[in-house]
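This structure is a prediction, so every number in the text was calculated from the model and none was measured. Each chain gets a letter, A, B and so on, in the order the sequences are listed, and its residues count up from 1.
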There are 2 protein chains.
Amino acid sequence: MATIRDVAKHAGVSVATVSRMINDTGYVHEDTRKKIETAIKELHYTPNEVARSLYKRKSRLTGLLLPDIANPFFPELARGVEDEMQRNEFRIIFGNSDENKAKEKEYLQTFVQNNVVGIISSTNFPDSDMYRKLNIPVVFLDRTADNRPSVYSDGREGGRMAAREIADRGSRRVTVMRGPRHIRPAQDRYEGAVEALGERGIVFNVIQTSSFSFTDAGTWARELFERHPETDGVIASNDIVAAAVLHEALRLGKKVPEDVQIVGFDDIPLSRLLTPSLTTIRQPAYDMGKAAASLLIRLIENEIVDEPTIQMPVTFAERDTTRKAEIEWQK
Amino acid sequence: MATIRDVAKHAGVSVATVSRMINDTGYVHEDTRKKIETAIKELHYTPNEVARSLYKRKSRLTGLLLPDIANPFFPELARGVEDEMQRNEFRIIFGNSDENKAKEKEYLQTFVQNNVVGIISSTNFPDSDMYRKLNIPVVFLDRTADNRPSVYSDGREGGRMAAREIADRGSRRVTVMRGPRHIRPAQDRYEGAVEALGERGIVFNVIQTSSFSFTDAGTWARELFERHPETDGVIASNDIVAAAVLHEALRLGKKVPEDVQIVGFDDIPLSRLLTPSLTTIRQPAYDMGKAAASLLIRLIENEIVDEPTIQMPVTFAERDTTRKAEIEWQK
DNA sequence: TTGAAAGCGTTACCAA
DNA sequence: TTGGTAACGCTTTCAA
């Protein structure tokens with residue numbers, strides 16, 4: 001690889017001049033500029049980012065920490081982040097945390113060791129020291145804490161919405177699939193659902209699930225209908241679980257939505273391809289990722305952001321695992 | 001951030017000694033070792049990877065370039081790669097290429113500028129200069145070229161397999177969804193399917209698709225049944241398209257697999273959650289990612305690899321969008 | 001067993 | 001308008 005010295009020599013100038021020209025900082029004569037340009041072309045020179053980073057103590061790298069890219073909710077998020085970063089010429093060091101604190105810590109450490117200028121993280125430990133001690137901007141994504149920079153959606157309202165809609169459509173023996181206890185958004189949804197169900201005096205059962213994995217989802221779906229065969233409405237903790245529940249209901253010969261209604265959460269791309277297509281509470285994953293990146297960049301560039309926490313709207317994506325709302329007829 | 005000088009001062013030794021101790025290269029007395037350890041603890045010192053990378057002209061970073069992480073086939077691949085890298089203490093700079101040469105080039109350039117030690121790429125341009133000129137190891141993933149390091153599966157055999165199985169199960173008016181022309185594996189599948197169909201003298205129609213996107217998939221599914229309503233067997237270019245076809249077939253009131261059989265490709269996790277669950281040609285995505293990372297690491301560490309191209313097996317994942325094989329009764 | 005110093009490829013200050 | 005040079009934080013050589 002050619003270095004700045006090579007370019008300087010080739011152009012018959014000093015490295016200082018080449019640097020000035022590359023970074024457009026300070027004077028450089030038109031003629032010298034030409035010569036340097038030629039030299040750069042001929043030598044295929046591109047600046048060594050590592051050397052730059054060392055001197056300036058900052059890079060064009062950012063860190064992105066997600067629980068598990070294999071969970072279909074996260075690729076959309078990641079894509080939003082990447083698109084925005086790429087547009088602004090930032091690069092991403094990516095890691096999966098598996099919601100594991102030690103792994104997370106390890107990644108944060110190497111992010112710092114590599115001089116990243118900012119971090120986006122979907123962490124369950126936003127209040128831990130490992131984040132507090134960082135002296136670079138951090139944006140929490142699909143998570144939030146106090147007044148710290150974050151992009152998330154209102155899980156509680158989402159849960160309420162799911163319960164409300166399924167109740168309005170006539171389910172009276174609801175089962176709520178409660179997501180992993182240590183995952184904040186999952187709890188928010190659960191609490192919201194419980195709250196709205198309670199307000200309506202609707203009895204409900206709870207199936208506790210401990211992960212969002214595909215393989216486990218089927219197990220819980222089976223457990224659901226074994227333990228609560230009378231269920232006529234399911235509020236799932238996310239679309240994967242909902243898909244598993246739908247699959248199991250159909251396997252048992254139940255009619256969806258006539259016998260059982262199902263509401264998912266997230267609106268992953270495949271939800272609309274299920275048959276019947278899945279009614280769900282939508283989070284705008286791509287936009288959330290994009291917003292997080294955009295916010296981080298503003299932070300990195302020291303722009304003033306008056307509102308560091310961005311709450312994105314959840315919306316009811318009405319499809320075919322729910323019946324038409326009875327309530328609507330009364331309007 | 002504490003530097004090695006701070007540690008040295010704090011421990012009353014020279015930076016050279018600290019360095020020797022950290023890297024376990026050369027002598028350091030037990031007593032000094034103790035002192036240094038204490039200093040490191042107290043100052044929370046971790047070595048600056050950027051400085052290391054600059055001096056050694058190599059880092060612990062690798063580059064990973066995928067077409068689109070939002071396509072459900074790739075998260076599994078990525079996870080395989082990440083797990084193996086993480087286990088070996090390598091980090092990943094990640095980018096989406098969108099099968100776009102310019103974008104790809106840009107990423108490769110920044111990979112190099114950041115001193116990555118190796119690259120994993122699912123490229124459509126393995127033979128282009130941008131790869132040839134690289135002087136760090138590259139592993140092609142889900143792609144291959146000549147005898148160059150790569151991990152892929154036999155798309156052609158996969159296509160043949162899909163055709164064979166669907167034919168054995170009685171489809172006689174097959175429609176093949178032909179994936180994007182510029183994507184090699186998609187073409188291989190197509191050609192394999194055409195070949196096997198031809199051998200059996202089965203007539204077939206072709207629907208040309210130009211992307212693997214969710215939004216387009218529905219369009220092609222509709223086109224399929226409008227143009228070829230007599231179709232009794234569909235070989236899809238991947239599971240997304242297959243899911244869309246299944247959805248559309250059901251919407252049209254067709255019975256699957258009685259009226260139409262459908263075979264997908266990839267075996268993305270959601271395939272088994274469809275109803276009926278999707279019969280597909282499975283690629284072991286996670287293992288492919290893992291194998292690619294493992295191969296790249298061996299290359300980085302200059303181990304001798306006698307067989308740089310690794311072909312992973314495709315397998316027939318028989319599920320419920322196909323009928324039971326007639327052929328089996330004859331055994 | 002230890003330390004001084006050169007060097008990795010840049011940038012930025014200051015003098016010319 | 002240009003160039004010499006120190007500095008960024010580390011590793012490695014060589015001499016002590």
Side-chain angles (χ1 to χ4, degrees), chain A residues 1-37 39-40 43-61 89 109-117 135-136, chain B residues 1-37 39-40 43-61 89 109-117 135-136:
Chain A
M1 289 285 350
T3 73
I4 198 172
R5 307 186 81 90
D6 299 328
V7 174
K9 201 167 298 174
H10 200 275
V13 297
S14 77
V15 295
T17 306
V18 177
S19 175
R20 249 179 285 122
M21 132 117 202
I22 291 172
N23 299 288
D24 200 32
T25 157
Y27 301 103
V28 27
H29 191 90
E30 194 50 39
D31 299 349
T32 14
R33 182 178 298 275
K34 286 262 160 55
K35 284 191 289 183
I36 297 177
E37 269 168 2
I40 289 180
L43 300 176
H44 298 293
Y45 170 75
T46 51
N48 181 321
E49 282 295 332
V50 177
R52 277 189 169 166
S53 170
L54 178 59
Y55 183 85
K56 310 225 262 184
R57 288 196 228 62
K58 50 168 69 175
S59 65
R60 299 296 290 180
L61 294 174
E89 289 169 62
Q109 191 182 113
T110 60
F111 287 167
V112 170
Q113 290 178 300
N114 283 285
N115 275 4
V116 303
V117 282
N135 42 14
I136 49 173
Chain B
M1 288 284 349
T3 73
I4 198 173
R5 308 186 79 90
D6 300 328
V7 174
K9 200 166 298 173
H10 199 275
V13 297
S14 78
V15 295
T17 306
V18 178
S19 175
R20 249 179 285 123
M21 133 117 202
I22 290 172
N23 298 288
D24 200 31
T25 158
Y27 300 104
V28 28
H29 191 89
E30 194 51 37
D31 299 349
T32 14
R33 182 178 298 275
K34 286 262 162 55
K35 283 190 291 183
I36 297 176
E37 269 168 2
I40 289 179
L43 300 177
H44 298 293
Y45 170 75
T46 52
N48 180 321
E49 282 296 331
V50 176
R52 277 190 169 164
S53 170
L54 179 59
Y55 183 86
K56 310 225 264 183
R57 291 199 229 58
K58 50 168 68 174
S59 66
R60 297 296 289 179
L61 295 173
E89 290 168 52
Q109 190 181 114
T110 61
F111 287 168
V112 170
Q113 289 178 301
N114 283 284
N115 274 4
V116 303
V117 283
N135 43 15
I136 49 173

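- The span of DNA chain D lying next to chain A, judged by atoms under 4.0 Å from heavy atoms, is bounded 5' to 3' by dT1(D) to dG9(D).
- Here Arg20(B) pairs with nothing under the salt bridge (charged side-chain N to carboxylate O under 4.0 Å, His left out) rule; sequence neighbours left out.
- A distance of 11.0 Å separates OH in Tyr45(A) from CD1 in Ile36(A), rounded to the nearest 0.5 Å.
- In the helix from dT1(C)-dA16(D) to dA16(C)-dT1(D), the rotation axis of the first five pairs and that of the last five pairs differ in direction by 50°, rounded to 10 degrees.
- Residues of residues 50-60 of chain A having a heavy atom closer than 4.0 Å to DNA chain C, listed by number: Ala51(A), Arg52(A), Tyr55(A).
- Under the rule for a side-chain contact (heavy atoms from CB on, under 4.5 Å), the partners of Thr32(A) that lie at least two apart in sequence or sit in another chain are Val13(A), Val28(A), His29(A), Lys35(A).
- In plain terms, the two heavy atoms of Leu54(A) and Val50(B) that are nearest each other are N-CG1, 3.6 Å.
- Listed in residue order, the members of residues 14-27 of chain A having a heavy atom less than 4.0 Å from DNA chain C are Ala16(A), Ser19(A), Asn23(A).
- Separating the CG atom in Asn115(B) from the CD atom in Glu49(A) is a distance of 10.5 Å, to the nearest 0.5 Å.
- Residues satisfying the side-chain contact (heavy atoms from CB on, under 4.5 Å) criterion with Lys58(A), sequence neighbours excluded, are Lys56(A), Val117(A).
- Applying the side-chain hydrogen bond (donor to acceptor under 3.5 Å, both in side chains) rule to Ser59(A) yields no partners; only residues at least two apart in sequence or on another chain are considered.
- Expressed to the nearest 0.5 Å, how far CE of Met1(A) lies from OG1 of Thr46(A) amounts to 4.5 Å.
- To the nearest 0.5 Å, atoms CG (Asp24(B)) and CD1 (Ile22(B)) are separated by 11.0 Å.
- In this structure, Lys9(A) has no salt bridge (charged side-chain N to carboxylate O under 4.0 Å, His left out) partners at least two apart in sequence or on a different chain.
- In this structure Arg60(B) satisfies the salt bridge (charged side-chain N to carboxylate O under 4.0 Å, His left out) test with no other residue, sequence neighbours excluded.
- Read 5' to 3', the first and last nucleotides of DNA chain C with an atom closer than 4.0 Å to a heavy atom of chain B are dT1(C) to dG9(C).
- Ion pairing between Glu37(B) and Arg33(B) fails under the 4.0 Å rule for side-chain N and carboxylate O.
- Summarising the geometry, atom CG belonging to Asn114(B) is positioned 10.5 Å from atom CZ belonging to Arg52(A); distances are rounded to the nearest 0.5 Å.
- Taking OG of Ser53(A) as the start and CD of Gln113(B) as the end, the distance is 12.0 Å to the nearest 0.5 Å.
- Partners of Ile136(A) according to the side-chain contact (heavy atoms from CB on, under 4.5 Å) rule, which considers only residues two or more places apart in sequence or in another chain, are Val116(A), Ile119(A), Leu134(A).
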